[in-house]
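Scroll down for the structure; my scribbles are underneath it.
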Amino acid sequence: MSNDPLQHYADQHTTPEPPLLAQLTRETHVQLLMPRMSSGHAQGRLLSMLSHLIKPRRILEIGTFTGYAALCLAEGLAPDGLLHTIEVNPEREARIRRYVAAAGLAEKIQLHIGAAREVLSLLVDEVWDLVFIDADKVNNGLYFDLVIDQVRPGGLLLIDNVLWGGKVLPDYPVKPSDKDTLAVRAFNDRVAQDPRLESVLLPLRDGLLLLRKR
Ligand SMILES: C[S@@+](CC[C@H](N)C(=O)[O-])C[C@H]1O[C@@H](n2cnc3c(N)ncnc32)[C@H](O)[C@@H]1O
């Protein structure tokens, strides 16, 4: 729960976290380093709502962590839909599979353990309705370039952490060695000017960028 009263009010007026996801949030905070990497209540409900609106047949997530966002996105899958999610860290696999099974989504969520760049080369025949890029931020641009031609017209791309703790602002004294910040800035500037896209940057949490392919 947030200490900020307005955020608390907003959370109270957002559909509650389903019990399995609340359990995953608790477990993440108790057992994992950097629990804030998980999408969490408000963003998770937004991912679920967007997915329900789109009813995607194919979803791609790059960066699974605990599987929290994958479980939210999968809520809106079409009856014959499938979600592919890619995670580089094999230590995360058992927990992800445990929660996917507990949600009854083992047939709907395909987990790939490996580096996104390599796994994406195995998925070149897919057409994506919804893509969530949320892995190593220095490669946001690479992942975007690798998937954009496979996103159907009208499809949605979501990019997480685009405000990068405020370091995207021009007066933040970024060091040349801070490759993540430089990459997030460059990516945000590039896609904002891309004529193939409509974009909305939602200042939710650490910033969620919504890109609709025209
Ligand atoms: C911010 S977390 C993902 C959170 C998840 N999408 C959610 O919202 O609940 C980023 C994850 O990306 C993974 N990752 C980092 N580099 C990667 C790569 N090259 N390929 C695939 N996954 C990667 C990390 O191990 C980490 O678990």
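Atoms within each ligand, like the ligands themselves, are counted from 1 in listed order. Throughout, residue positions are numbered sequentially from 1 according to the sequence presented.
Taking all heavy atoms of Val119, Asp136, Val88 into account, the minimum distance to atom 21 (C) of ligand 1 is reached by Val88. The closest heavy-atom contact to atom 2 (S) of ligand 1, among the options Phe65, Phe132, Tyr68, comes from Phe65.
With a 4.0 Å cut-off on non-hydrogen atoms, Arg117 does not touch ligand 1 at all. With a 4.0 Å cut-off on non-hydrogen atoms, Asp160 does not touch ligand 1 at all. If you look at Arg92 next to ligand 1, the close heavy atoms, those under 4.0 Å, all belong to the side chain.
Looking only at distances, a side-chain donor or acceptor of His29 sits under 3.5 Å from a matching main-chain atom of Thr25.
Near Glu61, meaning under 4.0 Å from any of its heavy atoms, are these atoms of ligand 1: 5 (C), 6 (N). If you number the atoms of ligand 1 from 1 as listed, the ones under 4.0 Å from a heavy atom of Ser38 come out as 9 (O).
At the top of the distance list for atom 8 (O) of ligand 1, counting protein heavy atoms only, stands Ser39 OG, 2.6 Å. Looking only at protein heavy atoms, the nearest one to atom 27 (O) of ligand 1 is Glu87 OE1, 2.7 Å. Closest to atom 10 (C) of ligand 1 among all protein heavy atoms lies Asp134 O, 3.1 Å.
Side-chain N/O atoms of Asp125 and Gln150 include no donor and acceptor closer than 3.5 Å. Donor-acceptor pairing under 3.5 Å is recorded for the side chains of Gln7 and Asp11.
At least one heavy atom of Gly114 sits less than 4.0 Å from an atom of ligand 1.
Counting non-hydrogen atoms of other residues, nucleotides and ligands closer than 6.0 Å to CZ of Arg117 gives a total of 12 or fewer. Annotation: Arg36, atom CZ; neighbour count of heavy atoms from other residues, nucleotides and ligands within 6.0 Å does not exceed 12.
What you find for Leu204 and Gln43 is that their closest heavy atoms are CD2-CA, 3.9 Å. What you find for Glu87 and Gly63 is that their closest heavy atoms are OE1-C, 4.1 Å. Nearest heavy-atom pair, Glu126 versus His84, reported as atom, atom and distance to 0.1 Å: OE2-NE2, 3.6 Å. Residues Leu197 and Arg214 come closest through the heavy atom pair O-NH2, 3.2 Å.
The shortest N or O to N or O distance between Ala135 and ligand 1 is not under 3.5 Å. Remark: ligand 1 and Tyr143 share an N or O pair separated by less than 3.5 Å (distance only, no angle test). The shortest N or O to N or O distance between Ala116 and ligand 1 is under 3.5 Å. Of the polar atoms of Ala115, none of the N or O atoms is found under 3.5 Å from an N or O of ligand 1, judged by distance alone. An N or O contact shorter than 3.5 Å is missing between Asn89 and ligand 1 by distance.
Results of the side chain to side chain contact (heavy atoms under 4.5 Å, CB included) test with Ile59 over Leu77, Leu82, Thr85 single out Leu77 as the only residue that passes.
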